[in-house]
Amino acid sequence: MKFFIDTANLDQIREANELGILDGVTTNPSLMAKEGITGHDNVLNHYKAICNIVNGDVSAEVISTDFKGMVEEGERLAGLHPNIVVKVPMIVDGVKAISHFTQKGIRTNCTLVFSSGQAILAAKAGATYLSPFIGRLDDSSWDGIELIQQIAEIYSIQGYETQILAASVRNALHIVKSAQAGADVVTCPLSAIMGLFKHPLTDIGLAQFLADHKKANG
Ligand code: E4P
């Protein structure tokens, strides 16, 4: 399973990249706004800055909601760097745009996915990645991990090549459960990645090893 970080914060992207386990980055308009990245040129330059840190796919989301606008925007984004993946919302014009990008060899990430029906549409259109939002489903008492399992089963039976990118991840357990459910990629905040390190027995064991070494060696 590939690890992406879900942020537009350059320091956090650098920190995750330094762990040596990072395969890419996802952003969205809310994450860009959170970092104070506004204005057309600043947004494009920020995507380039992210691509210069990470050697992996970087999802850049279109703002347009009509086919023509999404195509213009997506082609501009894809031209920024070979690692840019155009992120397109799961709406009617979005599926048309994904289909267009597929034919042009431009890679896509279909976002705002909340059902297996939507997952089938995105795969049929040739999306490179599919982003089911597991945290937002859990927030509203649906089971996000169950959706990942169902999509993984459908994609396997049908032979769809679209990669399942578990998104809207809230914690380390979401990462583990996504891996178990068959996600190809997980995108998560740095806090969820760092949560994977935590186990009290590791800390207790290390303290004991160091204490024993000190006692024996002075
Ligand atoms: C990433 O591709 C999604 O935009 C993101 O994971 C959404 O996460 P959120 O539900 O925490 O906003």
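First listed ligand is number 1; within each ligand, the first listed atom is number 1. Predicted model only: the values in this text are computed from it and were never measured. We use all heavy atoms of the structure for the numbers below, so side chains are in, but hydrogens, waters and symmetry mates are not.
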Practice task
Return a yes/no value for N28: is any of its N or O atoms, backbone included, closer than 3.5 angstrom to an N or O of ligand 1?
Solution key: yes

Exercise for the section: Could you tell me whether some N/O pair between K87 and ligand 1 is separated by less than 3.5 angstrom? Expected result: yes

Problem - Salt bridge flag under 4.0 Å for residues K68 and E72 - result: yes

Handout entry: Geometric N/O contact S168 with ligand 1, under 3.5 angstrom
Key = yes

Problem - Residues Y129 and D57: side-chain donor-acceptor under 3.5 angstrom - result: yes

Completion exercise
Within 4.0 Å of some non-hydrogen atom of F133, the atoms of ligand 1 are 3 (C), 4 (O), 7 (C)

Practice task
Verify, without hydrogens or angle tests, whether Q118 (side chain) and S115 (backbone) share a donor-acceptor contact under 3.5 angstrom.
Solution key: yes

Problem - Residue Q180 excluded, over 12 heavy atoms near CD under 6.0 Å - result: no

Exercise for the section: Mark yes when over 12 heavy atoms from residues, nucleotides or ligands other than K124 sit less than 6.0 Å from its NZ; otherwise mark no. Expected result: no

Exercise for the section: Record the part of R170 in heavy-atom contact with ligand 1 below 4.0 Å; permitted values are side chain, backbone, both and neither. Expected result: side chain

Practice task
Flag D6 as yes when one of its N or O atoms lies below 3.5 Å from any N or O atom of ligand 1, and as no otherwise.
Solution key: yes

Problem - D203/K198 salt bridge by N-O under 4.0 Å criterion - result: no

Exercise for the section: Decide whether an N or O pair under 3.5 Å exists between R136 and ligand 1. Expected result: yes

